[in-house]
2 protein chains.
Amino acid sequence: MIETVVRGEDTKQAILDAAENLFGEQGYSATSMRSIVAAADVNLAAIHYHFGSKEALLEAVLDRRGKLLEHERFELLSRFEAGAGGKGPEIEQILEAFLAPAIRLTRDPSGGGRRFVQLVGRLLGEPGEGFRKAFTQQFGPTVARFGAALERALPGTLKEELFWKMFFSAGAMAHTLRSAGLVRALSDGLCDDSDGEMVLKRLIAFLAAGMRAPLPVIGPIQGS
Amino acid sequence: MIETVVRGEDTKQAILDAAENLFGEQGYSATSMRSIVAAADVNLAAIHYHFGSKEALLEAVLDRRGKLLEHERFELLSRFEAGAGGKGPEIEQILEAFLAPAIRLTRDPSGGGRRFVQLVGRLLGEPGEGFRKAFTQQFGPTVARFGAALERALPGTLKEELFWKMFFSAGAMAHTLRSAGLVRALSDGLCDDSDGEMVLKRLIAFLAAGMRAPLPVIGPIQGS
DNA sequence: GTCTATACCACGATAGAC
DNA sequence: GTCTATCGTGGTATAGAC
């Protein structure tokens, strides 16, 4: 006779922890729900009871830390805005407000924060209308808020040019975040990303230069 | 009585075409072999006969266009090197030699080239020791060749700093390539990437600025 | 409300007939 | 070279125990 132990919220959190780790390590599609319930030591059907589906579980994983991440980013940006007087914060400060909370998550001793960051970085590149919607919903307000800040920091930049700069930057940022902890292997031992502050400062310097660079305008507006 | 038709090489190419399209559209893990054989109108076991496994099929897809892509990149870089005399090509030219052949593939009328480029861009972010090995094998020589060219174009740059610049650039490039044809949707109609030359020039300008920017050096080497 | 057992169909892979 | 049959595992769904 197997005893039925009612754990309630514990079960939910155990599933979220296991899913965060496995999704971050192996990617969403490559992770099976059976491996998640095995790691969490719960029954297979518990996922469907608490979340409904694999995709809904992913959204719950994103939600758990995503709200806090968004709050920290807004908080930091607001602090920089307050300290900059009327002219708004510098580009470097805007980038720092966006990146520092994410990089800090990378150093979470439990490893869960790093896995979460890797997962988000990978999701930006994954196709499937399914969770592009969830992704936009999660990070849309952040993109809007930081886009507005960048627009003020780069006077005279067309909306279209700013989009491309943010687009290129998103690629570099996502690549850096999803590779968290793997740089030593990727660079054959040449480099290391264990010093998060170092990675942060270098990424900011790289992106700020690109943000300030004038992008060529093609077409009848400028001619050749 | 169903007739057995022997198609030989046709079957192999049909599978490669279908796999390229579906891997590029949906990603590797999310694409089932059954959907591939349905699109190619061949039997399920044909994949295993011609390629051996799903992962081997992926490598075959990468191989088919990858060799030509590498050749075009090397060719372009060599031409720039020949035209630059003893001092080597400019950063912009090196980036163009790397990116232009890939962007041009994006405009392939059949759509296969675009799907291939999307696939490669996505693979850079996917985990799994499995095809990181295949990926390195496919693009290792290219990275080495272009890294050497960049090193000469950026005198006085430490190997470590150069790695990070190439690392950030790889993220931006992969993001741009894997989003080929999706920018209109991603930007809510604000921008479009149907003009490949425009995307190319803007990406090069963005990256060249980052490449030239001095990255902060942390640690005892420079102090604060 | 919480959890278990179990069944369902699609998946990647393989063996062997033709 | 091609096909069918089959294996173990994947995501999903539900009935019912507690």
Side-chain angles (χ1 to χ4, degrees), chain A residues 1-23 25-62 119 123 126-131 134, chain B residues 1-23 25-62 119 123 126-131 134:
Chain A
M1 181 69 171
I2 296 171
E3 193 183 348
T4 297
V5 183
V6 177
R7 298 189 295 174
E9 197 62 19
D10 288 356
T11 297
K12 215 169 163 177
Q13 292 302 321
I15 293 172
L16 284 172
D17 288 338
E20 181 175 73
N21 285 335
L22 292 170
F23 284 159
E25 280 169 8
Q26 314 172 343
Y28 171 75
S29 304
T31 299
S32 74
M33 305 195 68
R34 284 174 165 85
S35 70
I36 293 172
V37 299
D41 196 29
V42 300
N43 186 273
L44 176 59
I47 290 186
H48 290 93
Y49 173 74
H50 286 287
F51 303 98
S53 71
K54 188 183 180 184
E55 200 172 316
L57 171 59
L58 173 65
E59 290 177 28
V61 169
L62 290 180
L119 172 62
L123 248 39
E126 282 205 48
E129 266 322 298
F131 40 66
Chain B
M1 183 66 173
I2 296 171
E3 195 181 348
T4 297
V5 183
V6 178
R7 296 191 298 173
E9 194 64 18
D10 286 358
T11 297
K12 213 169 163 177
Q13 292 303 321
I15 293 172
L16 282 171
D17 288 338
E20 181 175 73
N21 285 335
L22 292 170
F23 283 158
E25 281 170 7
Q26 312 172 343
Y28 171 76
S29 303
T31 300
S32 73
M33 303 191 71
R34 283 173 166 86
S35 70
I36 293 172
V37 299
D41 196 27
V42 300
N43 186 273
L44 174 60
I47 290 185
H48 291 94
Y49 174 75
H50 286 286
F51 302 98
S53 70
K54 188 184 181 186
E55 199 172 317
L57 172 60
L58 172 66
E59 291 176 27
V61 169
L62 290 180
L119 171 62
L123 247 39
E126 284 205 47
E129 267 320 299
F131 39 67

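In what follows, chains are A, B, ... by sequence order, proteins preceding strands, each numbered from 1. Excluded from the calculations below are hydrogen atoms, water molecules and symmetry mates; all remaining heavy atoms, backbone and side chain alike, are included.
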Drop me the distance from A/Lys12's NZ to A/Asp17's CG, to the nearest 0.5 angstrom. 13.0 Å

Which pairs with one or both residues in residues 30-47 of chain B pass side chain to side chain donor-acceptor pair (under 3.5 Å), sequence neighbours excluded? B/Gln26-B/Thr31, B/Ser32-B/Ser35

Is there a side-chain contact between B/His48 and the phosphate of C/dT14, meaning an N or O under 4.0 Å from OP1 or OP2? no

Once you round to the nearest 0.5 Å, how far does CG of B/Asn21 lie from CG of B/Leu16? 11.0 Å

Could you check how far CG of B/Leu58 sits from P of C/dA13, rounded to whole Å? 12 Å

Partner set under ring-ring contact (aromatic ring centres under 6.0 Å, His included) for B/Phe23, not counting sequence neighbours: B/Tyr28

Reading nucleotides 6-11 of chain C from 5' to 3' and marking B where a protein heavy atom lies under 4.0 Å of the base, S where only the sugar-phosphate is that close, and - otherwise, the string is -----B

Round to a whole Å and report the spacing from CZ of B/Phe51 to P of C/dT14. 16 Å

Any residue meeting side chain to side chain contact (heavy atoms under 4.5 Å, CB included) with A/Ala18, in chain and number order, not counting sequence neighbours: A/Ile36, A/Ala39, A/Ala40

For B/Ile15 and D/dC3, what is the distance between atoms CD1 and P respectively, to the nearest whole Å? 10 Å

Here the distance between atom C1' of D/dA13 and atom CD1 of A/Ile47, to the nearest Å, is 14 Å

To the nearest 0.5 Å, what is the distance between NZ (B/Lys54) and CD (B/Glu59)? 13.5 Å

Net bend of the helix from C/dG1-D/dC18 to C/dC18-D/dG1, end axes of five pairs each, nearest 10 degrees: 10°

What is the distance, rounded to the nearest whole Å, between atom CD1 of A/Ile36 and atom C1' of D/dG11? 11 Å

If the cut-off is 4.0 Å, is B/Tyr49 near the phosphate of D/dT2, judged by side-chain N/O to OP1 or OP2? no

Atom of A/Ala56, atom of A/Phe51 and distance for their closest heavy-atom approach: CB-O, 3.2 Å

With respect to the phosphate group of D/dT2, does any side-chain polar atom (N or O) of B/Thr11 fall under 4.0 Å of OP1 or OP2? yes

Pick the nucleotide of DNA chain D nearest each of A/Gly52 and B/His50; which residue has the one closer to the 5' end? B/His50

Check side chain to side chain contact (heavy atoms under 4.5 Å, CB included) between B/Thr11 and all other residues, then give those that pass, not counting sequence neighbours. B/Arg7, B/Ile15, B/Val42, B/Ala46, B/His50

